[in-house]
Amino acid sequence: MDSHIQSRLNLYVRSLENASSLEDLLKIHIEIFGKKGYFAHLFQTLAQESDMEKKKTMGAFFNTEKQKLEHVFSKRQDEFLQTKQDVVGDVTVPGIGPKLGSMHIVTSAIEEIRRIYSRIGFYQYSYPEVEWEYFSFEALNMPADHPARDDFETFFVDGPVSKKYGRMVLTPHTSNGQVREMLRLGKPPIRMINIARCYRPNWDVTHVPMMHQFEGLCVDKGISIQHLKGTMSYFAREFFGYDVKTRLRPHNFEFTEPSFEVDISCIHCNGTGITKEGKCRICKSGWLELGGSGLVHPNVLKAGGIDSSVYSGWAFGFGIERVAMIKYQIDDIRKLYSGELRYVLES
Ligand code: DAH
């Protein structure tokens, strides 16, 4: 037998035996058995052989050699496939945990806010989402023709119209709970936190038609701005982190006098207004606005049957989506209601 052929076949046995990966093995297989492979070449030359005797022995030899190599190949192939299976079935390989569901960011913010206020003696109380105009506006010192009512664009509900309470609305803010709570309790002290859905016909980066607010109301003897400021600082530190500063900025609301916007020092640039990249993208000025607050207007106390010469109080109303967006760095409120799993599932 041609020693050249024999040494080439031996070489192939060694290559198959030494193949380091399945891919490698398959490449060698093509070299040996492929259409343009070595055996194709051998059988082609055999076809040209005129000596029939020689042709027969050579043909038999090629076939046995071919079978031998096939055998080596399939043995090695089995080895590689077996190793792959072993990896999958290896009990020591760390498992892949199933994805767990978790609370939506808004729900977990609600829970956190509830806990923070309950630690300082506030209880949660909820009121209907379909509400009389009276509790949403008139009782809050905003009569029907008051221009400030334009800021609270409102969904009106087809239904009964009351002589005393007007039309029905979807609560545009949680402030409706203020007078309702005064009337419910009959007299101070009041330390209420009202967390509810609110509705306004807006849809953009910072507004959705259904959002949540939390409203705080504290009424007692001797309540002053100091208590408001202290409570706002307490909330901000508990919710956003202990180094957060709070400020009250003069503003105007009909239901409080004086009124303030509550700001916190920006948690992204530490209140400096500057980050490594330049001007802070989030706050621009070092401060972020949380929402409105103030000392409860005497007319509101009166609507709630409370004597403003004996009692005073403070109130605030913040958006839950807003505080959650600040805390979790979400730039578009609509993402919270987009069904995106990033906001629903733990990563
Ligand atoms: N209700 C106001 C709003 O939705 C927020 C607000 C401002 C609530 C001042 C208050 C307050 O209790 O005192 O924009």
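One-based numbering, in listed order, for ligands and for the atoms of each.
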List ligand 1 atoms under 4.0 Å from Phe152, heavy atoms only on the residue side. 3 (C), 4 (O), 14 (O)
Tyr38/Phe33 aromatic ring centres below 6.0 Å: no
Hey, does Ser293 sit under 4.0 Å from ligand 1 if you only count heavy atoms? yes
Any idea which heavy atoms bring Glu65 and Phe39 closest together, and the distance? C-CZ, 3.9 Å
With atoms numbered from 1 as shown, which atoms in ligand 1 lie under 4.0 angstrom from a non-hydrogen atom of Phe253? 7 (C), 9 (C)
Show which atoms of ligand 1 fall inside a sub-4.0 Å distance from at least one heavy-atom site of Gln178. 12 (O)
Arg247/Glu261 salt bridge by N-O under 4.0 Å criterion: no
Applying a 4.0 Å heavy-atom criterion (strictly less than), which segment of Trp314 is in contact with ligand 1: side chain, backbone, both, or neither? neither
Among all protein heavy atoms, pick out the one at the shortest distance from atom 12 (O) of ligand 1; state its residue, atom name and that distance to 0.1 Å. Glu215 OE2, 2.6 Å
Output yes when Arg76 and Glu79 qualify as a salt bridge under the 4.0 Å nitrogen-oxygen rule, no when they do not. yes
Phe137 ring center within less than 6.0 Å of Phe156 ring center: no
Need the ligand 1 atom indices (1-based, order shown) with element for anything under 4.0 Å from a heavy-atom of Ser175. 1 (N), 8 (C)
Could you see which bit of Arg200 sits under 4.0 Å from ligand 1, with heavy atoms only: side chain, backbone, both or neither? side chain
Just go through Gly319, Gly317, Ala315, Pro172 and tell me whose heavy atom is the nearest to atom 5 (C) of ligand 1. Gly317
Measure the distance from atom 11 (C) of ligand 1 to every protein heavy atom, then report the residue, atom name and distance (to 0.1 Å) of the closest one. Phe255 CE1, 3.5 Å
Cationic N near anionic O, under 4.0 Å, Glu289 to Arg249: yes
Does Glu261 come within less than 4.0 Å of ligand 1, judged by its heavy atoms? no
For Phe318 and ligand 1, answer yes if some heavy atom of the residue is under 4.0 Å from a ligand atom, otherwise no. no
Hey, does the Lys NZ or Arg CZ of Arg167 hover above the aromatic six-ring of Trp132, less than 6.0 Å from the centre and inside 45° of the axis? no
Between Phe235 and Phe122, does the ring centroid distance fall short of 6.0 Å? no
Show me which atoms of ligand 1 lie under 4.0 Å from any heavy atom of Thr256. 13 (O)
Please list, in number order, the atoms of ligand 1 under 4.0 Å from a heavy atom of Gly294. 13 (O)
Could you tell me if the ring centre of His251 sits under 6.0 Å from that of Phe253? yes
